Trainee: 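Quick one: this structure, given as structure tokens, is what I'll be asking you about.
Worth saying up front: this structure is predicted, and the values here are computed from it rather than measured.
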Amino acid sequence: MPDTAQQVPHQTTEKLPRVFYRLALGDALSTYGSQLDLVALSLFAYEAAGNALGTAGYLIIRLTGGFVGGMVSGRLVARIDRRRLMTVCALAQAVALVVVALAPVSARIPVLYPLALVFGGAAAVCAVALRTSIPEMVGAERRARANSLMASCRSAAMVLGFASAGVVVAWAGFRAALLIDASSFVVFAVVVLRLPLRTRPEPVDPADSAGSAGSAGVTGSGDGSEAKRSGSRWQALVVLRAAPVVGAMAGIRLLDAFGSAAHNISLPVFANQHDPGNPAALLGMFWATWAVGNLSAQQLVSRLLLRRGIEPGERAFALGTCVMSGCFILVFTGLPTPLFLLVAIGAGFGDGFTEISYTTRIQALADERRGQAFGLLASAENVGMGTGMLLSGSLLALLSPLTVVGVSHAVPIVLALGFLVLVARSRKR
């Protein structure tokens, strides 16, 4: 692995642009809608099909859409105005939700499954466009602070979405829940459309680009010529050639997503085994505590690390992965309640810290590589989540939740530790 050290601007304590907080809140609202519609549409598919295969089919198709969206998003964010791209993706999800909500009972499955591709693909493209644009919106020196803010708002919205989904569906019904979801995407689209921040770099004078082309290092070519030639190549190969460290991170994220699928599927089984009288209470307690740890990670980054000029990067990403996966394994060991809550906080902390670290690290790439890298990571996560759901669901019929989760999360721990060793050696060289 080549030297991963790079020259990036020091993080500053200067505040983010005020309008960026509107974007963070709009993104949180759309995240809430995503979690709400994920739960609502999963139940919707189950009732429409009459069996669990309906939900499994919907989730697999949605993840397939996310994989495809991730693979094409690099080219899209390079060629299309990113503000327009985010707006179109948000409105596409809103329209798809309205179509599903208004479809007659007899047409629910024929309508839902094709639109699952829209949900997955549009969400992936929108996320890549947003993450790629953040360094241009707030400045490269404030991107870690911006990522921390976005992750904090998104984490709170995820927990709120999961927590309220059952209540909203039970009280208002599927149709009303889906229309509420659709409105959240419309609001996000309006916020993005009216955002007075640029989403891509200022045009570079050709006379200046020659002098800066050699300074990109691991971030890839600075003159953009290779990006123009890459249209006929497979995106993943281009990214790996420009920045091998990104490929290593993508591999860890893929297996980490596999582990995430394992613990998400295993948690309901574990809750029923350890608290059969009220498994929902155990699940709610876990996710609420996980959220505390997740939000704590955001505060650590913004209040401690950035104020001291420390920017989380690839080493922080690997350490966060080890903490997160290790804590998720411990969750299933049947610990007493105080220790159970402690490791739940640790799992959330590692999850949040890893999210900020890898996002900030990828945003250090040159703009023409950034979208491709985020697209590759999005595709890897969807592949890991999809295969993890299929395999973990099958293994739970034969093995205990601890065994399934332990094996699934042990692999990313081993890879992350190996990644740390390689990064340390490359820095010494």
Side-chain angles (χ1 to χ4, degrees), residues 31 131 144 147-159 162 248-267 270 283 285-306 310-333 335 338-362 377 380-381 384-385 388 392 401-402 404-421 423-424:
T31 299
R131 287 171 170 169
N147 291 330
S148 178
L149 173 65
M150 298 288 284
S152 297
C153 295
R154 197 177 297 123
S155 297
M158 286 176 63
V159 175
F162 279 129
M249 294 172 75
I252 296 173
R253 289 295 289 184
L254 186 152
L255 292 170
D256 177 46
F258 187 96
S260 296
H263 70 242
N264 275 287
I265 291 178
S266 299
L267 272 170
F270 176 79
L283 281 177
M285 180 174 63
F286 171 81
W287 286 117
T289 312
W290 172 91
V292 171
N294 198 274
L295 293 173
S296 298
Q298 330 303 339
Q299 295 302 310
L300 172 70
V301 171
S302 62
R303 296 183 181 274
L304 294 180
L305 298 184
L306 297 183
I310 302 174
E311 177 183 314
E314 56 265 23
R315 287 183 294 184
F317 163 79
L319 289 172
T321 299
C322 292
V323 171
M324 174 183 59
S325 293
C327 286
F328 269 119
I329 294 173
L330 291 175
V331 163
F332 291 85
T333 57
L335 296 170
L339 292 179
F340 174 82
L341 296 178
L342 183 62
V343 296
I345 289 177
F349 183 89
D351 212 345
F353 196 64
T354 301
E355 167 74 14
I356 297 173
S357 300
Y358 99 82
T359 302
T360 302
R361 174 61 183 84
I362 300 304
L377 284 163
E381 290 170 2
M385 188 67 73
S392 298
L402 175 59
V404 174
V405 174
V407 173
S408 300
H409 273 294
V411 177
I413 290 176
V414 173
L415 286 182
L417 291 174
F419 179 72
L420 273 175
V421 172
V423 169

Trainee: Walk me through whether Phe286 and Val331 qualify under side-chain contact (heavy atoms from CB on, under 4.5 Å).
Mentor: CA-CA 9 Å; Phe286 171 81; Val331 163; 3.6 Å; yes
Trainee: Has the side chain of Asn264 got a donor or acceptor atom that lies under 3.5 Å from a matching backbone atom of Ser260?
Mentor: yes
Trainee: Could you pull out all residues at least two apart from Phe332 that satisfy ring-ring contact (aromatic ring centres under 6.0 Å, His included)?
Mentor: Phe270
Trainee: Taking all heavy atoms of Asn294 and all of Ala151, pick out the closest pair and write down the distance.
Mentor: OD1-O, 4.4 Å
Trainee: So, for Ile356 and Ala297, which heavy atoms are closest and what is the spacing to 0.1 Å?
Mentor: CD1-O, 4.4 Å
Trainee: Hey, could you give me the CZ/CD distance between Phe258 and Glu381, rounded to the nearest 0.5 Å?
Mentor: 15.0 Å
Trainee: For the pair His409 (side chain) and Gly259 (backbone), establish whether a donor and an acceptor sit closer than 3.5 Å, ignoring hydrogens and angles.
Mentor: yes
Trainee: About how many Å separate CD1 of Ile413 and CG of Leu255, when rounded to the nearest 0.5 Å?
Mentor: 12.0 Å
Trainee: Taking the side chain as every heavy atom from C-beta outward, state whether Met249 and Phe419 have any atom pair closer than 4.5 Å.
Mentor: yes
Trainee: Taking the side chain as C-beta and beyond, is there a heavy-atom pair between Arg361 and Phe317 under 4.5 Å?
Mentor: no
Trainee: Without swapping roles, check the side chain of Thr360 against the backbone of Ser357 for a donor-acceptor pair under 3.5 Å.
Mentor: no
Trainee: Quick check: closest heavy atoms across Leu335 and Thr333, and the distance to 0.1 Å?
Mentor: CG-OG1, 3.3 Å
Trainee: Would you please test Arg315 and Leu420 for side-chain contact (heavy atoms from CB on, under 4.5 Å) and show each step?
Mentor: CA-CA 6 Å; Arg315 287 183 294 184; Leu420 273 175; 4.0 Å; yes
Trainee: Identify, with sequence neighbours excluded, every residue that meets salt bridge (charged side-chain N to carboxylate O under 4.0 Å, His left out) alongside Arg154.
Mentor: Asp27, Glu355
Trainee: Using only atom types and a distance under 3.5 Å, with no angle test, would you say the side chain of Ser408 pairs donor to acceptor with the backbone of Val404?
Mentor: yes
Trainee: Search all heavy atoms of Val405 against all heavy atoms of Ile329 and return the closest pair with its distance.
Mentor: O-CG1, 4.1 Å
Trainee: List, one per line, each side-chain donor-acceptor pair under 3.5 Å for residues 340-348, sequence neighbours excluded.
Mentor:
none

Trainee: Determine whether a donor-acceptor pair (N or O, by modelled atom type, separation under 3.5 Å) exists between the side chain of Thr354 and the backbone of Thr321.
Mentor: yes
Trainee: What closest approach, in Å, do Ser325 and Asp256 show between heavy atoms, and which atom pair accounts for it?
Mentor: OG-OD1, 4.0 Å
Trainee: For residues Ile362 and Arg131, determine if any side-chain heavy atom of one lies less than 4.5 Å from a side-chain heavy atom of the other.
Mentor: no
